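Structure, as structure tokens:
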There are 2 protein chains.
Amino acid sequence: MTQSGADGAAVGQSGTTRTREDVVLAAGRLFAKRGFHGTSMRDLGEELGMLGSSLYSHVQGKNELLVEVIGRGAGMFNQVVIDAYAAGGSARDRLRRLVHGHVITVVANIDEARTFLFEARFLPAKERAQIVAMRDDYERAYRETIEAGIAEGSFTPNLDPGLTAIFVLSVLNALIRWYRPSGERSAEEIATEIGRFVASGILAEGVR
Amino acid sequence: MTQSGADGAAVGQSGTTRTREDVVLAAGRLFAKRGFHGTSMRDLGEELGMLGSSLYSHVQGKNELLVEVIGRGAGMFNQVVIDAYAAGGSARDRLRRLVHGHVITVVANIDEARTFLFEARFLPAKERAQIVAMRDDYERAYRETIEAGIAEGSFTPNLDPGLTAIFVLSVLNALIRWYRPSGERSAEEIATEIGRFVASGILAEGVR
DNA sequence: CCTACCGATCGGTAGG
DNA sequence: CCTACCGATCGGTAGG
């Protein structure tokens, strides 16, 4: 009898030695599906075709995995902001890039995004504080962009920029709740539809 | 030494016998803050000034508490839909009532709303299926209302009703993430701002 | 609502 | 990556 994945568990690639990368990715999958506290090290070992205790040759502990998965999520979103600012253009262009980049990123890294948004409260105090700060920065980028859009005349002047930033991010973050890779709409289509909703709302022209 | 709440734990009303209602409310508080799997029966007992094992004279088990808390959340949201439909009026009026009722309900029952939206996946299979069905009904009410609004000419005809329902609900459901009772805006103000955002978006008039 | 307890499972370690 | 194990904690029960 071989030692790997012969017992029917959902194993990535059986017959191969697992790397730390495999462990982190599998942790993202399980944390996203069952939650951090709903995932045991034994569950995670089973997902990888090994014993829970064997994971400790790859990582120091369960918390480290949560920190790593959420750190990756945070890094991705941070990069979206950097890219959107680096591209230049009007505030309205920048908001379009922020929205588009957010959708693409969530769709391509759904497990990290879910863990980031659902499990961050279970991070150790120090790392939790860092993630909260990062999230504040992210929200600030949206607020600044909305303020700049008002200043340039693209956006309605009587908007509350802080609240509006929250509303836009609400639509974006909810993606982790309803997006399914098997769904009929592509990431591009979703980004376009969200952009349209955020821009114009639902009221017909001329109605008030 | 007395038997209740003399050891510094956060107890509701010390010196009084707790009821099943107290237990369910405390469970909502802890499930909302630490998650279902992050809350032990001993934690819950401590919150109420009793031992974890004593809770079993009020409820049959931990799962029953999750079912009860989420069931209350589901019932509240269901009532909002019933009231909004019963009030009659145009589709646009109905959407206004749905949004207003949702905000008021979340603000007044934040723990149940959080548990409903974050912990439903940990429900036993049968109850989870019921809650998913209820959530589908809720979404359908929004979709129908948007379709009716398009038909009556209030809403933009090129809207995708299903996707738009999701977007509106995204803004509403995100309330459980950012709302703080100590915040500066009242539930009424929040409902008004969300209504404005959903109705008109952020683009300035005449801009396209 | 408490005392006293149960078997199961948890995160994690020593040593190979 | 496994064997063999640790102390702590889990949900829950019997009996009062």
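Keep in mind that the numbers below use all heavy atoms, side chains included, and drop hydrogens, waters and symmetry copies. Everything numeric here is computed off the predicted structure, so don't read it as measured data. Quick note on labels: first sequence line is chain A, next is B, and so on, each numbered from 1.
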When rounded to whole Å, the CG to P distance for the pair A:Asp43 and C:dT9 reads 11 Å
Worked verdict on A:Leu117 versus A:Arg135 for side-chain contact (heavy atoms from CB on, under 4.5 Å): CA-CA 10 Å; A:Leu117 283 162; A:Arg135 205 139 62 180; 4.2 Å; yes
Could you tell me if A:Arg114 sits above the aromatic ring of A:Phe31, with its cationic atom closer than 6.0 Å to the ring centre and no more than 45 degrees from the axis? no
Check the orientation of B:Phe167 and A:Phe197. Use parallel for under 30°, tilted for 30 to 60°, and perpendicular for over 60°. tilted
B/S/- contact track for nucleotides 11-16 of chain C, protein heavy atom under 4.0 Å: BBB---
Can you tell me how far P of D:dT3 sits from CE of A:Met50, to the nearest Å? 14 Å
Considering only NZ, NE, NH1 and NH2 on the basic side and carboxylate oxygens on the acidic side, decide whether A:Asp160 and B:Arg185 come within less than 4.0 Å. yes
What base-paired stems does DNA chain D take part in, with at least 3 consecutive Watson-Crick or G-U wobble pairs and both distances under 3.5 Å? C:1-16 with D:1-16
Fit a plane to each ring of B:His102 and B:Tyr138, take the angle between them on a 0 to 90° scale, and name the class: parallel (under 30°), tilted (30 to 60°) or perpendicular (over 60°). tilted
How many whole angstroms separate atom CG of A:Leu51 from atom P of C:dT9? 15 Å
B:Phe122 and B:His37 aromatic ring geometry - parallel, tilted or perpendicular at 30°/60° bounds: perpendicular
Whole-Å distance, B:Glu46 CD to D:dC10 P, equals 11 Å
Hey, does B:Leu123 have a side-chain heavy atom less than 4.5 Å from the side chain of B:Asn63? no
What do the steps show when you test A:Phe77 against A:Phe116 for ring pair (Phe, Tyr, Trp, His ring centres under 6.0 Å), and what is the final call? CA-CA 10 Å; A:Phe77 287 125; A:Phe116 178 81; 5.5 Å; yes
